[in-house]
Amino acid sequence: MKMKLRFAPSPTGNLHVGNARTALVNYLYSKCNSGEMLLRIDDTDRERSKTEYEESIKKDLNWLGIFWENTDRQSLRIDKYNNALNKLFEIGRAYRCYETPEELSLKRKAQLISGKPPVYDRQAMNLTEDDHQRFKSEGKLPHWRFKLIDQDVNWTDLIRGNCNYNMKSLSDPVIMREDGRPIYTLASVVDDIDHNITHIIRGDDHKMNTFKQMQIFQSMNWTLPTYVHIPLIHTSEGKKLSKRDKASTLDDYKKIGIIPSALRNYLLRLGWSFQDKEIFTLEESINHFNIEGIGKSPSKLDMVRILSMNEHYIKHMDESELLKQFIDFCKLN
Ligand code: GLU
């Protein structure tokens, strides 16, 4: 079976350097296995998703040398998510809830005070069809939750090794909002199934989603993909890199004159090495890349190293390329 990967940015901001690394790893892994990569635009958040961000993400990926075979977007697939929800309802794995955020917050507080874990109590599962009809006549629309099965879920991650979690301590995730907008937890699984995705490579911050999404895959009788969770990039102080940090988006790097091959090489070498080689052409990256070689710990962003790598590339650049990079740099500043 052909290897199929996807990179799935949400167009709610410019491309973050951590996401650029995820895209690069997806790209290299697909190339070195003669696979394909899909660019999936996760744009179900109508207020925050913007076409200009989508365009800038695509441009930044190409700037780094990353290309893909196909594109899809979640906003075009709302019917598919509704069909999946109906199926989950039929098999008893999706249920309707009406609690407001305030009510849920009060429930959580009460649980914490009495020393219980703040897990959703599944009260809505006791509602009868009459109750639902009454809510309907009162104009109350339900949001939907996926019923998790209380059991251990585990997978062998190509980077993190054996990952295991007991689902008892997790709340049933909300998968559809009152207004009919699907939540990523469901939408992503439906997309991965429809696109025959074989490998899901994404940031470590999605690990908890993976446990829940694996149960959604299983409830739909679908073969599980192989999971790979990449450690996050941290600031030099060891904190999670946030949008507020100076060097967080690709734009921040472009503006200080970092050239694409230098940033790509830096991202490739974050927590990964091949012999004692420092500099890789794109072709060499594809030839030598092995995903299992990526370290498990978060990598600290090292601006001194990025700048010295940049210097190396600039010194070895031919004049016409240097001129092109210089013109691009002047346009931005
Ligand atoms: N849109 C999600 C994100 O940007 C995608 C996560 C995934 O790869 O499943 O975090």
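Remember, it's 1-based here, ligands and their atoms both numbered in the order they're listed. The figures that follow rest on heavy atoms only: side chains count, while hydrogens, waters and symmetry mates do not. These figures come from a predicted structure and were not determined experimentally.
- The residues lining ligand 1, counting any heavy atom closer than 4.0 Å, are Arg6, Ala8, Ser10, Asp42, Tyr184, Ser188, Arg202, His206.
- For the residue pair Asp318 / Ser320, a side-chain donor-acceptor distance below 3.5 Å is found, with atom types taken as modelled.
- With rounding to the nearest 0.5 angstrom, the CG atom of Leu15 is 8.0 Å from the CD1 atom of Ile66.
- Residues satisfying the side-chain hydrogen bond (donor to acceptor under 3.5 Å, both in side chains) test with Thr128, not counting sequence neighbours, are Asp131.
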Stepwise, does the side-chain contact (heavy atoms from CB on, under 4.5 Å) test hold for His229 with Thr210? CA-CA 9 Å; His229 290 82; Thr210 299; 2.7 Å; yes

Report the C-alpha distance between Gln151 and Lys168 in whole Å, list the side-chain angles of each, state the deciding distance to 0.1 Å, and finish with yes or no for side-chain hydrogen bond (donor to acceptor under 3.5 Å, both in side chains). CA-CA 7 Å; Gln151 63 184 25; Lys168 224 184 172 125; over 6 Å; no

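- The one candidate from Arg93, Arg145, Arg122 that meets the side chain to side chain donor-acceptor pair (under 3.5 Å) condition with Asp172 is Arg122.
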